[in-house]
Each structure stands twice: as C-alpha cells, then as structure tokens.
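Following: one structure in structure tokens, then a few remarks.
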Amino acid sequence: MSKVYIALQDNEESHYIVEAIEEDNADVTVIYQPAMIRIECEGHMVIKRETVEEKMGRDWEIPALHVNLITLGGNVDEDDDQLSLTWNN
Amino acid sequence: MAVAAITENYVGERLDRVENFHGNQVLYIGWDHHLMFCAPVAFAVPPETPFSKVLDELIPGAFSLHPEFGEIDWDQVEWHLNAESFTPDANVTLAEQGIDHKSILRFATPGLNGIKGSGS
Amino acid sequence: MSNKKLNLKDKYRLLTRDLEWEFSYRDRKEIFPQEDFEGIKITDWSKWEDPFRLTMDSYWKYQAEKEKKLYAIFDAFSQNNGQQNVTDARYVNAIKLFLTGVSPLEYQAYSGFAHVGRQFGGAGARVACQMQSLDELRHVQTQIHAMSHYNKHFDGFQDFAHMHDRVWYLSVPKSFFDDARSAGPFEFMVAIGFSFEYVLTNLLFVPFMSGAAYNGDMATVTFGFSAQSDEARHMTLGLEVIKFLLEQHEDNVPIVQRWINKWLWRGYRVLTLVAMMMDYMLPNKVMSWQESFEVYFEEAASSLFKDLARYGIEMPPYAADAIAEKEHLSHQAWSIFYNYGHAAAFHTWMPTEQEMDWLSEKYPNSFDQYYRPRFEKWREMEEAGERYYNPTLPMLCQTCQIPMGFTDMENPTMTSYRQSVYDGERYNFCSNGCKDIFDYEPEKYVQAWMPVHQIFQGNCGGPEMEDVLGDYYKINLGVDNLDFKGSPDEARWNAWHNLIPAEDKLKKAS
C-alpha cells in the first residue's frame, strides 16, 4: 500500500494537530524537518475536528488547517468534522 | 493532426525559416567528447561560405580555448553531417556540399578524449 | 425558530453549484466553445467532486490570516537586515533565478486559470480554477514582495519581468507556460493542474524553500510555506481533474496519457534549473538533486501511477530517461551557466574543494569521472586570470529551448542529438521526449521564439553581443553578470561582514 502524508508548518498550533492525528491514527510516523512536520502512514489518515479542539482547548474548524498546511498526498475527503487522505491501492 | 487547434487546418508561422536570416543560414558545430564546451555552437553564415572558412576561422574561434585544440590532426578528424558520415571539401561552399540551413556538423578527434580523458 | 448552521457540504453546494442555471436561449456550445476541439468527451459535469469545499468567505478569511502572518515576517526581515544573515552572498543568486524564472510563471498561471475558469462547462471546475487563479496572483505578488528587499542590496533582481520575456535561459520556463496556455483548457489542466502542480511541484518548491531555510533566507522560507498551503488545494484540483477526465469517457484515456507523457517531460526539462540550484548554488546543501528526485519523483510518482493504473494510465516512457539522467543533470546544467556566465543576470562560480568533495560523495558514479576534471581545469584558468567564458552562442533545443548540453545516457560524453525534417526544414532537439513533442504537433513548435536564432535575425538589437545583453536584455554588464568573484555583490557582502579579500590582506601586510 502507498503512504498518505500531510506536512504542516512547525509552529505551536500545528503541534496540537499532530497530537490529534497521532491519537486518531494507529501507526503514523511523525518526522521533524527544518520548519516542517511531516506525518505519514499507510493507506489512510484522518484529522478529526473534535480531537484537534480537545488538544487545542478552543474551537477549531477543518478549513483552518489551510493556515498551517504545507502539502499533502492522497485523495482528499473533507466535511465539517474531518479531513481524510486515502490511496486506493 | 499537426496541432490540436480550434481553427481547422491551423498553420503556424515558421519563425526560423532561412529567409529571416538576412542572407545567412544557421550552422551548428559540435566537437564530440569535448564538453568543456557545454553544447554545440551556433553560427549565422552565408550558404556561399567556403568550407575552408569553417576550418580556418569558425572552428578555431569557437574551440581553440581547449588545451587539446592544438593537438588535433586534421587529417584524422571524423566528420558527421546531420548524423551521416561526411567528408568535407574545403574548397567548396556549404551549400554546394549539402550543408543546409540548421544542419549539424560534428567532428570527432580520435585519441583526444577531453580533459584528462573525461570527455570534457 | 432556530437558525441551523449549514454544514460544509451544503453551504458549498448552495454557494457554488446551485448558482448555475440551465441555458435556455443560447446553445451550450456557444457558451463553452473550447470544450470539444481537443477530443475530450464530458458526459456528466455533475460527477465532478470538489475535494476542498472552500466558499469565498472561508477563502478570504484564511487567506487574509496567511497574508497578515506573512507580511509581518517580511517586515521583520527587512527591519532586521535579514539579507545579511544568509549563509553567503552566492546563495542570493538562487533567488535571482527564482524571481526571473519562476515568479513570472505564477503570473502566467493566474492568467491561465482565469481563462479555463470560464471555459469549463462544470461549475465545480470553474470555481476551483478561479480560486487557483487568485492564489497564483497572490503568489506572484508575495514573491515580488519577498524579493523586493533583496533588490535593495543585490544586483540582478531589477528587471525580472522584462528579462523573463527576452533572456535566453528564461525562454525555457516562459515557453513551457506559453505552450500550456496556448493549448486547450483540458490540456492546460493536465499540463499545469496535474503534471506541474501535482506530480512535479515538490521538485520545484521543496528544494527552493528548504534551500532558503538552510541558508538563512527567512523571507523566502516564509513565502514558500505560505504558498504551499495554497498548493495543497492545487494538488487536489490537479488530481481531481485527472480522475474526472479518465472516468468520464474511455476515449479520454489515450489523450490524457499523451498529455501526461508530454508534460512530465517538458516540466522535467524546466526543472534542470532547480537541479543546478540545489547542487551548485546553495552554500549549505539540503540534499542532492539525485536524492530529491528519488524521493519526490521516483517514489512519489510510483505511488501515484499505481493509483491511476486502474484507469489504464501508465508511467510515461520518458520517466525512464529522466531517471537515467539523475546523476548528470545538475552538473551539465551548471556547466551551461558557467560557460555563458557573461550572458546571465546572475553570478556563477566554481565550487570550492569542499563542495567538490560533497559532489563526489553524492554522485559516486559520475562526478569524478566526467565533471571534476573540467571544473579543476576551469579553476586553473580562473587562477591564471583567464576565467573561461564560451566565446560562441549555443545551439538550443527547439522544444525545451535549453542549450544542447544533455548527453546520451548510454554514452555520457556524447551530446544527445535528435533531428526532424518537417515541411522541408530541419528542427533539432536534445532528447526523444522533445523530438516526439515536436513531431506530434509541429505546427505549434515551428513558431518557437528561440533566443539564439532571434539574435541572428537581428531582432534583439546589436550588432554586438554587448548591445544584446545590455540594451535588449537589460543586463547591467559587469554588475549583474560574470563570476561572483570580483562582483559588486561580493564587495558589498565583504563590506557588511568586515571581510577583507585575500589580495587586499596581502597588500596591507606588505
């Protein structure tokens, strides 16, 4: 299976998003690169709004991801509560 | 189709047709395995140019900076014109011996393989 | 009565798709006249899926937030003389190349997406393209802002738009985008939305932005990360376009395959400039071009094409050629610019001994054998006071317009020559990819504005090369061009850092 990935700017806000991803997805790899955090896993990854809000301690919506997002790989599905990345092979 | 176009039978303007070069044609010359010159060079020269001018002026002007240039034995040089083996006649013009517009002339100097044999 | 908040999907639908209407008094083909001529068949636009359901209010909100953060950093950079904190003034030449070569492409992208954002029959596609068009305009603006600060302290930034339209090496990226924009809307999307913005984007952006991060260029890093979040949307658009076209009709598959083959090759050739930048222009290296290519192309593309295989799409044949070249590309490119450093609006130089050792280590199969000998020779010539510059104009490839500096990978010291005869005239190419692109649509590429031929035709001023470079190209001779050593950039850098060049130290001592 191919890896889906997301890369975020390395800042305070992103750290909470990373924590949320780690909680909601088994077997993610988190790689810290200069100014950037890259998170990958096999086949499927989901970012859940509720989990991020819990970590951040404030309201957050999925489109706010764009402010910290660098790049991603995988087929995207987005709604009010989650954003997921999937490869079908 | 010669291009996907919204106009039928689209014909594009040929920007580099020989008439645009004011009596000159374009000639490219490359010295095989001497990539200190990163690419073959380009000249705009009249078709009536005798090949001797290529040998005496154009080639030295372009390539004499190479440390091996002075060692070339011109009797041993192998020529290609547009990928075919070629024997130039120094006394005849470019046009008369089939060196036409945008032709590629390559010469190879067997035994001389560039700086420290690296092809440079 | 309670006001229920609309969920994301409904809000998006109401504000985009549902604003469309049935055309009752004009023919659909009049309204969307460019949809058919490429042979693409769309049976049902409603099948278009919008991966990011961004409405204009969200767009403005989050883009504004990004802009505020970005411009605050530009201010801080400028207020703190950030330009003095880059590793070395040689680094700045990489961003001169960026501003003259890449930023104008953002402007072309803005224009191209605005155009196709009107031409597609589906509202979802139009909305996504219009937003991308705004993003691209944002990118060109923010890049110009980022680099405007460097323009105050370094040479070669000052006429980037003028140079993009005229200077020989800039016709490479320019012709790439001209080709895309003069194609039909579907080819444009496959060329730019998919091949460039999805498959190849990481090979352009990550090297420049990481290069900036490793070399103390806070302005460019910040611009880069700020733009990348827009790029994520672009990537999903590109992927959606491909899937949509392939799912709409089986007749689209061979057309799309041909476009993918062509545009991956054209895009790869443009990335020659990035290869050279990574390996030669960064005092602190990020990774080699070869390493970058392996991660961002070989691995990433293989995942992607596995995913696309179910549609009948295959890895382009020229991918193998690109992979074969990975140990040579950057060295050949730097050789081209070193040869023609007198004609470039940025400086070039020979790598230091330490840098050559890095290159030997990263390229164990090619550097010492094919390239170190010539670089050592050039260094010798420079030390003798005769820095090498090529005295004659180069031959260019008709399609990619790069000087013919590429070699046959079966025989790496042999120039790769390819030729076609079309309608009684010869055309020359650097590779099978470039030749095949020409052969398929010759009426397009016979129109190429090739810098060397244009100079010969007298269309670039003259009669001397100084006139072409100085007047037509607007290169400030003796300032923007030539070797880094001895340049005004170097002198200013040394002055800021109280660095005295070796010869002056000797003079003072004696």
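By convention in this document, chain letters (A, B, ...) are assigned in the order of the sequence lines, proteins followed by strands, and residues within each chain are numbered from 1.
From B:Ile115, atom CD1 reaches atom CZ of C:Phe375 across 10.5 Å, with rounding to the nearest 0.5 Å. With rounding to the nearest 0.5 Å, the separation of NZ in C:Lys377 from CG in B:Leu65 is 10.0 Å. Remark: B:Asn113 CG to C:Thr413 OG1 distance equals 7.5 Å, nearest 0.5 Å. The distance from atom CG of B:Asn20 to atom CD of C:Gln457, rounded to the nearest 0.5 Å, is 4.5 Å. With rounding to the nearest 0.5 Å, the separation of OH in C:Tyr417 from CD1 in B:Ile104 is 6.5 Å.
Partner of B:Leu35 under the side-chain contact (heavy atoms from CB on, under 4.5 Å) criterion, chosen from C:Arg374, C:His331, C:Gln332: C:Arg374.
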Before giving the answer on side chain to side chain contact (heavy atoms under 4.5 Å, CB included), spell out for C:Arg372 and B:Lys116 the whole-Å C-alpha distance, their side-chain angles and the decisive distance to 0.1 Å.
CA-CA 10 Å; C:Arg372 189 191 272 266; B:Lys116 295 193 176 152; over 6 Å; no

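Although no hydrogens or angles enter the test, the distance criterion places a donor-acceptor pair under 3.5 Å between the side chain of C:Glu441 and the main chain of B:Ala4. Side chain of B:His101 to main chain of C:Arg426: no donor-acceptor pair is present (N/O by atom type, distance under 3.5 Å, no hydrogens or angles). Judged by distance alone, the side chain of B:Asn24 and the main-chain N or O of C:Phe456 form no donor-acceptor pair under 3.5 Å. At distances below 3.5 Å, at least one donor-acceptor pair connects side-chain atoms of C:Glu443 with backbone N or O atoms of B:Gly12. A distance-only check finds a donor-acceptor pair linking the side chain of B:Ser120 to the backbone of C:Tyr370 [under 3.5 Å].
The two residues B:Ala42 and C:Val452 have their closest heavy-atom pair at CB-CG1, 4.0 Å. Of all non-hydrogen atoms in C:Phe37 and B:Ala5, the two that sit nearest each other are CD1-C, 3.4 Å. The two residues B:Glu13 and C:Gln447 have their closest heavy-atom pair at O-CG, 3.2 Å. Between C:Pro394 and B:Ala39, the shortest heavy-atom distance links the atoms CB-CB, 4.5 Å. Closest approach of B:Met36 and C:Asn339 over heavy atoms only: O-ND2, 3.0 Å.
Under a cut-off of 6.0 angstrom, the local environment of CD in C:Glu410 is sparse, with at most 12 non-hydrogen atoms contributed by other residues, nucleotides or ligands. Enclosure of atom CD in C:Glu30 by more than 12 non-hydrogen atoms of other residues, nucleotides or ligands within 6.0 angstrom is indicated.
Side-chain atoms of B:Asp32 and C:Met414, non-hydrogen and from C-beta on, do get closer than 4.5 Å to each other. Annotation: side chain of C:Met404 is not in contact with side chain of B:Tyr28 (no heavy-atom distance under 4.5 Å).
In this structure, no portion of C:Glu386 lies under 4.5 Å from any heavy atom of chain B. Both the backbone and the side chain of B:Val41 come within less than 4.5 Å of a heavy atom in chain C. For C:Ala448, the part sitting under 4.5 Å from any heavy atom of chain B is the backbone (N, CA, C, O) and nothing else. For C:Tyr389, the part sitting under 4.5 Å from any heavy atom of chain B is the backbone (N, CA, C, O) and nothing else. In this structure, the portions of B:Arg17 lying under 4.5 Å from any heavy atom of chain C include both its backbone and its side chain. Contact annotation for C:Asp423: only side-chain heavy atoms (C-beta onward) come within less than 4.5 Å of a heavy atom of chain B. Contacts of C:Pro373 with chain B are made by both backbone and side-chain atoms, with heavy-atom separations under 4.5 Å. With a 4.5 Å cut-off on non-hydrogen atoms, C:Glu187 does not touch chain B at all. Neither the backbone nor the side chain of C:Ser182 comes within contact range of chain B; no heavy atom of the residue lies under 4.5 Å from a heavy atom of that chain. Contact annotation for B:His33: both backbone and side-chain heavy atoms come within less than 4.5 Å of a heavy atom of chain C. If you measure heavy-atom distances from C:Trp449 to chain B, the contacts under 4.5 Å come from both the backbone and the side chain. Residue B:Phe43 touches chain C through both its backbone and its side chain, counting heavy-atom pairs closer than 4.5 Å.
Top candidate by heavy-atom pairs under 4.5 Å with chain B, chosen from C:Tyr422, C:Tyr371, C:Phe406, is C:Tyr422. Ranked by heavy-atom pairs under 4.5 Å with chain B, the first of C:Asn428, C:Thr415, C:Asn411 is C:Asn428. Heavy-atom pairs under 4.5 Å with chain C peak, among B:Pro40, B:Gly30, B:Gly119, B:Ala44, at B:Pro40. No other option in B:Asp16, B:Asp100, B:Val11 has as many heavy-atom pairs under 4.5 Å with chain C as B:Asp16. Between chain C and the residues B:Val26, B:Asn82, B:Leu58, the most heavy-atom pairs under 4.5 angstrom are made by B:Asn82. Between chain B and the options C:Tyr338, C:Tyr427, C:Tyr445, the largest number of non-hydrogen pairs under 4.5 Å is found for C:Tyr427. The candidate with the highest count of non-hydrogen atom pairs below 4.5 Å against chain C, out of B:Ala83, B:Pro67, B:Gly114, is B:Pro67.
Ion pairing between B:Arg14 and C:Glu425 fails under the 4.0 Å rule for side-chain N and carboxylate O.
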